[in-house]
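Nothing fancy with the numbering, it's 1 onward along the sequence. Quick caveat: nothing in here was measured; it's all calculated off a predicted structure.
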Amino acid sequence: MGTAERRRTPEQSVAERSAERRGREAPDRDVPAQRRAGAGAGSERSADHRPLWVEEPARRYRMPDPVRTAAVRAVLIIAVTLIQAMVAFLCTMAEAWPAFPMVISSVVSTVVATWAVVDVWVTRQVWKQRYGVVSEPSSTARSLRRERRAHRRQERAASREQARIRRRGGAGQLSHP
């Protein structure tokens, strides 16, 4: 999918895009499908085969790899914590001996799960700061780039000035070393 197509997809509804694709891919239902000559009925698909679903482009961009890794880790830890909490509750209700250790481990797991969620948030913020969000005017990366460009511009101007002074044979210098 090209950039122009990607830009026009939010304006089109899902139904319009699906209908447009169906019009391109599938033949008319009133016209019987023609099979290739010499092909067996089971060896190839018929020409009127339609897929069960039509893939739509994602509306949001994919998460960066470090953020996605942290998010998956957090979801797994939260799932284990919920299972531990449920086992602790059931053991407490049944007055079974593992109730106390399960409650203690559930409390510890809750702390770890909270830490995992904070890790996702911090990883996301660090990634945004490090690689920049160009669409935001207050982006940290943009201001850093602007400062670096200004610094390089000043260095180039100073080196040009020094080269000009050298070409004149030292004229313009206030003192000689």
Side-chain angles (χ1 to χ4, degrees), residues 1-27 45 47 49-85 104-177:
M1 178 185 299
T3 307
E5 290 172 327
R6 206 176 292 127
R7 285 197 180 131
R8 75 180 170 95
T9 51
E11 294 138 15
Q12 270 186 330
S13 71
V14 175
E16 289 172 351
R17 286 194 306 261
S18 296
E20 182 181 313
R21 280 205 189 105
R22 264 188 257 119
R24 282 188 303 212
E25 295 172 356
R45 288 195 234 167
H49 176 270
R50 297 182 78 178
L52 292 175
W53 63 85
V54 178
E55 288 192 29
E56 296 292 333
R59 290 191 183 264
R60 291 174 51 160
Y61 291 108
R62 186 174 166 174
M63 278 192 292
D65 286 341
V67 179
R68 192 172 53 252
T69 303
V72 168
R73 188 181 323 123
V75 166
L76 291 174
I77 291 172
I78 290 170
V80 169
T81 301
L82 289 173
I83 291 170
Q84 279 185 330
I104 298 298
S105 69
S106 294
V107 170
V108 171
S109 291
T110 303
V111 172
V112 172
T114 305
W115 185 263
V117 171
V118 169
D119 179 49
V120 173
W121 182 68
V122 168
T123 306
R124 183 171 172 266
Q125 295 302 321
V126 166
W127 194 91
K128 273 186 168 182
Q129 258 191 346
R130 198 170 282 164
Y131 299 104
V133 181
V134 181
S135 62
E136 295 181 12
S138 63
S139 172
T140 307
R142 181 179 288 178
S143 62
L144 289 174
R145 271 184 269 138
R146 191 177 297 133
E147 290 171 13
R148 273 185 261 148
R149 278 195 303 261
H151 185 67
R152 276 183 277 174
R153 215 175 291 128
Q154 287 174 350
E155 286 177 354
R156 282 195 303 266
S159 66
R160 278 195 305 266
E161 184 67 26
Q162 288 296 322
R164 189 174 58 81
I165 291 172
R166 279 190 220 107
R167 278 195 309 264
R168 287 186 176 175
Q173 287 184 346
L174 297 176
S175 63
H176 296 288

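- Scanning for side chain to side chain donor-acceptor pair (under 3.5 Å) contacts around R160 gives an empty result, with sequence neighbours left out.
- Considering every non-hydrogen atom in both A113 and I77, the closest pair reads CA-CG2, 3.7 Å.
- Closest approach of S106 to T81, counting heavy atoms only: O-CG2, 4.4 Å.
- Two residues are said to be in side-chain contact when any heavy atoms from C-beta on lie closer than 4.5 Å; R62 and R68 meet this criterion.
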Let me have the donor-acceptor pairs involving side chains of residues 69-76, under 3.5 Å, with sequence neighbours excluded, atom names and distances please.
residue	atom	partner	partner atom	Å
T69	OG1	D65	O	2.8
R73	NH1	D119	OD2	2.9

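- To the nearest 0.5 angstrom, I78 atom CD1 is 8.0 Å from T114 atom OG1.
- For V126, the side chain to side chain contact (heavy atoms under 4.5 Å, CB included) criterion is met by V122, R130, not counting sequence neighbours.
- With rounding to the nearest 0.5 angstrom, the CD atom of Q129 is 8.5 Å from the CG atom of L144.
- Q125 meets the side chain to side chain donor-acceptor pair (under 3.5 Å) test with no other residue; sequence neighbours excluded.
- Partners of E155 under the side chain to side chain donor-acceptor pair (under 3.5 Å) rule, at least two apart in sequence or in another chain, are H151.
- By the side chain to side chain donor-acceptor pair (under 3.5 Å) test, S109 pairs with Q84, sequence neighbours left out.
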